[in-house]
Amino acid sequence: QVRLVESGGGLVQPGGSLRLSCAASGLVFRAFEMAWYRRTPGRERELVAEVTTAGNTNYADFVKGRFTISRDNAKETVYLQMNNLNPEDTAVYYCNVPSFRGTRLESWGQGTQVTVSS
């Protein structure tokens, strides 16, 4: 039922910036905490950032000071502004609803590829 469509990824040079978007549908968007995750081949999926319904944020240590998560409830969209990117940020980035994880409501989109390389 839940559909999550990520976009905005691409190839950038180290130190560059990128803004990811996640369009959500199939849920009362404003009522749920949203989050960004990332996955690199050979590694477990990692939580990158979270934003609550009140707009409070939480970040993984490896992105603090560089990434900013935000939401626009009117557009039912979550954003991830990524600055000062480094090659280790290369991954497929996904958005999701933390409270839906492990439930019948859990659904993953295709993600968006971010590649940081010279």
Side-chain angles (χ1 to χ4, degrees):
Q1 294 180 345
V2 177
R3 187 183 183 195
L4 303 167
V5 182
E6 300 91 347
S7 63
L11 174 64
V12 297
Q13 296 183 358
S17 298
L18 211 56
R19 191 191 194 204
L20 308 184
S21 298
C22 170
S25 61
L27 75 165
V28 183
F29 181 83
R30 62 179 173 79
F32 294 94
E33 178 182 351
M34 300 298 295
W36 283 95
Y37 302 80
R38 70 185 188 186
R39 178 68 184 269
T40 298
R43 300 179 184 178
E44 294 289 328
R45 180 180 289 112
E46 301 175 305
L47 176 66
V48 176
E50 302 171 297
V51 58
T52 71
T53 57
N56 299 120
T57 58
N58 181 51
Y59 299 92
D61 288 342
F62 52 81
V63 303
K64 286 183 178 178
R66 300 189 298 124
F67 291 9
T68 302
I69 186 172
S70 61
R71 65 191 297 158
D72 186 331
N73 289 338
K75 295 182 178 179
E76 297 188 316
T77 301
V78 182
Y79 304 96
L80 186 68
Q81 177 66 47
M82 305 184 295
N83 298 325
N84 194 25
L85 287 160
N86 62 66
E88 293 189 345
D89 293 318
T90 295
V92 179
Y93 285 72
Y94 304 85
C95 64
N96 219 308
V97 188
S99 66
F100 289 178
R101 298 287 309 278
T103 77
R104 61 186 178 279
L105 299 177
E106 181 178 5
S107 179
W108 293 89
Q110 293 299 305
T112 185
Q113 176 72 50
V114 172
T115 302
V116 185
S117 177
S118 299

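Bear in mind the structure is a predicted one, so any value in this text is a computation, not a measurement. Along the sequence shown, residues are numbered consecutively beginning with 1.
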Given 3.5 Å as the limit, does a donor-acceptor pair link the side chain of Tyr59 with the main chain of Ile69, or not?
yes
OH on Tyr94 to CD on Glu46, rounded to 0.5 Å
12.5 Å
Should we count CD of Glu106 as having more than 12 external heavy atoms under 6.0 Å?
yes
What heavy-atom pair brings Thr77 and Lys75 nearest, and what distance separates the two atoms?
OG1-O, 2.9 Å
Quick one: does NZ or CZ of Arg71 land under 6.0 Å from the six-membered ring centre of Phe29, within 45 degrees of the ring axis?
yes
Is any side-chain heavy atom of Leu105 closer than 4.5 Å to one of Val97?
no
If you draw a 6.0 Å radius around CZ in Arg3, do more than 12 non-hydrogen atoms from other residues or ligands fall strictly inside?
no
Measuring from atom CD of Glu88 to atom OG1 of Thr40, what distance do you get when rounded to the nearest 0.5 angstrom?
9.5 Å
To the nearest 0.5 Å, what is the distance between CE on Met82 and CZ on Arg38?
9.0 Å
With rounding to the nearest 0.5 Å, note down the distance linking CD in Gln113 to OG1 in Thr90.
7.0 Å
Hey, does the side chain of Asn96 reach the backbone of Ser107 with a donor-acceptor pair shorter than 3.5 angstrom?
yes
With a 3.5 Å distance limit and no angle check, can you tell me whether Arg30 reaches the backbone of Asn73 through a side-chain donor-acceptor pair?
no
Residues passing the side chain to side chain contact (heavy atoms under 4.5 Å, CB included) test with Val12, sequence neighbours excluded, are Leu18, Leu85, Val116
Side-chain (Thr112) to main-chain (Glu6) donor-acceptor, under 3.5 angstrom:
no
Measure the spacing between CG of Leu80 and CE of Met34 and express it to the nearest 0.5 Å.
12.0 Å
State yes or no: are the ring centers of Trp36 and Phe67 separated by less than 6.0 Å?
no
Knowing that exactly one of Pro14, Ser117, Ser118 qualifies, which makes a side chain to side chain contact (heavy atoms under 4.5 Å, CB included) with Pro87?
Pro14
Any side-chain heavy-atom pair of Asn83 and Ser17 under 4.5 Å:
yes
Is the NZ or CZ atom of Arg39 both under 6.0 Å from the centre of the six-membered ring of Trp108 and within 45° of that ring's axis?
no
